[in-house]
Asker: 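Quick one: the structure is below, and I'll ask about it shortly.
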Amino acid sequence: MKIKYIITTIALFGVALVKAQTADEQSLKKAAEWTQALQLNNSEKEQAVQQAIATHLTAVKNWHDAHPATVIPDGINPATGNKLSDLDKQVILCSAQPVAIRDSLLAVLQTNLTPAQVEQVLDAYTICKVAFTIKGYEAIVPDLTEQERAEITKQLKLARAEAINYKNMKEISAIFEIYKTKCEQYLNNNGRSWRQLYKTYTDKVKAEKTAKGKN
């Protein structure tokens with residue numbers, strides 16, 4: 001109940017942090033690079049997109065920095081029983097950001113960009129973790145069906161959309177882990193054994209390394 005109270009209080013007063021954001025230098029630099037990579041050839045759209053990205057990056061950073069892990073008292077993760085780590089606490093705090101932080105960015109992107117270009121920006125935020133993770137699943141499950149690939153892709157894109165509101169790659173990776181667990185549960189619920197698939201894959205990799213070392 002104490003954590004719930006803290007999160008509710010943060011959310012209620014968090015809207016003020018969204019307003020009047022002044023983009024910092026690092027956010028402006030990233031926004032300029034990502035916008036330039038889109039090759040929009042339209043100065044009005046370029047300005048709108050770049051400003052939206054810079055404002056969003058700054059809002060995420062400011063929220064993160066204003067809500068250190070120490071705000072949440074020590075406790076346990078109810079799903080695992082493990083003690084809450086600093087990363088757990090930071091993810092909890094960042095998940096309480098006002099929805100306006102992400103929605104404002106997406107509104108500008110969707111207004112000025114094609115769906116493919118929107119995905120390009122989201123990939124920039126997450127260092128292309130969707131494509132990278134899908135390749136991992138394809139390696140572990142070599143006979144992955146199109147239906148399985150579609151479900152995994154859907155889950156990873158949901159992870160990407162959520163992860164853009166987190167400041168660093170540790171937090172972004174933590175969000176992807178949540179959705180990777182959902183992917184693995186999906187495979188288990190549809191006739192696969194994720195544990196066996198992963199064991200077979202790791203055994204294969206070890207055998208290949210051993211064989212390579214002998215040559």
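Computed from a predicted structure; not experimentally measured. For this chain, numbers begin at 1 and follow the sequence in order.
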Asker: Using every non-hydrogen atom in the two residues, find where Ala48 and Val108 come nearest and quote the distance to one decimal.
Answerer: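 Closest heavy-atom pair between Ala48 and Val108: O-CG1, 3.5 Å.
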Asker: Measuring from atom CD of Glu208 to atom CG of Asp203, what distance do you get when rounded to the nearest 0.5 angstrom?
Answerer: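 Rounded to the nearest 0.5 Å, the CD-CG separation comes out at 11.0 Å.
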Asker: Linking I/L/V/M/F/W/Y whenever any side-chain heavy atoms sit under 4.5 Å apart, do Leu197 and Leu156 land together?
Answerer: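 Yes, one cluster joins them.
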Asker: Verify the cluster assignment for Ile134 and Tyr198: are they in a single hydrophobic cluster under the rule of side-chain heavy atoms below 4.5 Å apart?
Answerer: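 They do share one cluster, since a chain of ILVMFWY contacts under 4.5 Å joins Ile134 to Tyr198.
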Asker: Taking the side chain as every heavy atom from C-beta outward, state whether Thr133 and Gln155 have any pair of such atoms under 4.5 Å apart.
Answerer: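 No - every pair of side-chain heavy atoms lies 4.5 Å or more apart.
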Asker: Between atom SG of Cys128 and atom CD of Gln120, what is the distance when rounded to the nearest 0.5 Å?
Answerer: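 Reported value, rounded in 0.5 Å steps: 8.5 Å.
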Asker: Compare all side-chain heavy atoms of Gln90 with those of Lys167 and state whether any distance is below 4.5 angstrom.
Answerer: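 No. Closest side-chain heavy atoms not under 4.5 Å.
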Asker: Are Glu25 and Leu28 side-chain neighbours, meaning at least one heavy-atom pair lies under 4.5 Å?
Answerer: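 A side-chain contact is absent here, since even the closest heavy-atom pair is not under 4.5 Å.
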Asker: Would you say that Lys129 contacts Arg160 through its side chain, given a criterion of any heavy-atom pair below 4.5 Å between the two side chains?
Answerer: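 Not in contact.
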Asker: How about Tyr186 and Glu148: do any of their side-chain heavy atoms sit closer than 4.5 Å?
Answerer: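 They are in contact (side-chain heavy atoms under 4.5 Å apart), so the answer is yes.
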Asker: In Å and rounded to the nearest 0.5 Å, what is the NE2 to CD1 distance from His67 to Ile92?
Answerer: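 Reported to 0.5 Å precision, the distance equals 13.5 Å.
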Asker: Treating Ile, Leu, Val, Met, Phe, Trp and Tyr as nodes and any side-chain heavy-atom pair under 4.5 angstrom as an edge, say whether Val130 and Met169 lie in one connected cluster.
Answerer: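 Yes, Val130 and Met169 fall within the same hydrophobic cluster.
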Asker: Check the pair Glu151 / Gln147 against side chain to side chain donor-acceptor pair (under 3.5 Å), numbers first and verdict last.
Answerer: CA-CA 6 Å; Glu151 178 62 25; Gln147 183 177 348; over 6 Å; no
Asker: Hey, what do you get for CG (Asn82) to CD1 (Ile76), rounding to the nearest 0.5 Å?
Answerer: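 Output value for this atom pair is 9.0 Å.
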Asker: Give a yes or no on whether a salt bridge exists between Lys89 and Asp74, defined as a side-chain N under 4.0 angstrom from a carboxylate O.
Answerer: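 Between Asp74 and Lys89 there is a salt bridge, with a charged N closer than 4.0 Å to a carboxylate O.
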Asker: Can you name the nearest heavy-atom pair linking Ala174 to Val91, along with the distance?
Answerer: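 Scanning both residues, the minimum pair turns out to be CB-CG2, 4.1 Å.
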Asker: We want to know whether Asn168 and Glu171 form a side-chain donor-acceptor pair, criterion being a heavy-atom distance below 3.5 angstrom.
Answerer: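 Short answer, yes.
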Asker: Against the six-membered ring of Phe132, is Lys135 placed for a cation-pi contact (under 6.0 Å from the centre, within 45° of the normal)?
Answerer: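 No, cation not above the ring by the 6.0 Å, 45° rule.
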Asker: Return the set of residues passing salt bridge (charged side-chain N to carboxylate O under 4.0 Å, His left out) with Lys180 (not counting sequence neighbours), or none when no residue passes.
Answerer: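 By the salt bridge (charged side-chain N to carboxylate O under 4.0 Å, His left out) rule, Lys180 matches Glu177.
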Asker: Would you check if there is a donor-acceptor pair between the side chains of Gln97 and Tyr166 at a distance under 3.5 Å?
Answerer: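 Looking only at side-chain atoms, Gln97 and Tyr166 do not form any donor-acceptor pair under 3.5 Å.
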Asker: Just by distance, no angles: are the side chains of Asp88 and Ser85 close enough, under 3.5 Å, to form a donor-acceptor pair?
Answerer: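 A pair is found: one side chain offers a donor N or O, the other an acceptor, under 3.5 Å apart.
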Asker: Is the shortest side-chain N to carboxylate O distance from Asp86 to Lys170 below 4.0 Å?
Answerer: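 So Asp86 does not pair with Lys170 through a salt bridge.
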Asker: Given the rule that I, L, V, M, F, W and Y join up when any side-chain heavy atoms are under 4.5 Å apart, are Leu144 and Val205 in one cluster?
Answerer: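 Same cluster: Leu144 reaches Val205 through Ile, Leu, Val, Met, Phe, Trp or Tyr contacts under 4.5 Å.
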Asker: Do Trp194 and Tyr137 have ring centres separated by under 6.0 Å?
Answerer: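 Yes, they do, as the ring centres are separated by less than 6.0 Å.
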Asker: What's the separation between atom CZ in Phe176 and atom CD in Glu162, rounded to the nearest 0.5 Å?
Answerer: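 Reported value, rounded in 0.5 Å steps: 10.0 Å.
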Asker: Tell me if a side-chain donor or acceptor on Ser104 pairs with a main-chain N or O of Ile101 at a distance below 3.5 Å.
Answerer: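 Here the side-chain-to-backbone pair does not exist.
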Asker: What residues join Trp34 in its hydrophobic cluster, counting side-chain heavy atom gaps under 4.5 Å, either direct or through other members?
Answerer: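 Trp34 clusters with Leu38, Leu40, Val49, Ile53, Leu57, Leu105, Leu106, Leu109, Leu113, Val118, Val121, Leu122, Tyr125, Ile164.
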Asker: So, for Ala54 and Ala31, which heavy atoms are closest and what is the spacing to 0.1 Å?
Answerer: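 The answer is N-CB, 3.6 Å.
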Asker: Would you give the length of the straight line joining atom NZ of Lys45 to atom CD of Gln117, rounded to the nearest 0.5 angstrom?
Answerer: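 With rounding to 0.5 Å, NZ (Lys45) is 7.5 Å from CD (Gln117).
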Asker: So for atom CD, which belongs to Glu33, do other residues, nucleotides or ligands contribute more than 12 heavy atoms lying within a distance under 6.0 Å?
Answerer: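 Correct, the count exceeds 12.
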Asker: Ignoring hydrogens and angles, tell me if any N or O in the side chain of Thr35 forms a donor-acceptor pair with the backbone of Glu46 under 3.5 Å.
Answerer: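 Flag not set: sc Thr35 to bb Glu46 has no pair under 3.5 Å.
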Asker: Check whether Ile178 and Ile152 end up in the same hydrophobic cluster, where Ile, Leu, Val, Met, Phe, Trp and Tyr are linked by side-chain heavy atoms less than 4.5 Å apart.
Answerer: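 Both belong to a single hydrophobic cluster.
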Asker: With a sphere of 6.0 Å drawn around CD of Gln39, does it hold more than 12 non-hydrogen atoms of other residues, nucleotides or ligands?
Answerer: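 12 or below, so no.
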Asker: Does the side-chain contact (heavy atoms from CB on, under 4.5 Å) test come out yes or no for Lys204 and Thr200, once each step is laid out?
Answerer: CA-CA 6 Å; Lys204 177 185 175 184; Thr200 300; 5.7 Å; no
Asker: Can a donor-acceptor pair be found between the side chains of Gln47 and Gln51 at a distance below 3.5 Å?
Answerer: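 No, no side-chain donor-acceptor contact under 3.5 Å.
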Asker: Is it true that Arg149 and Glu146 make a salt bridge, defined as a side-chain N closer than 4.0 Å to a carboxylate O?
Answerer: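 Looking at Glu146 together with Arg149, the answer is yes, because their closest N to O distance falls below 4.0 Å.
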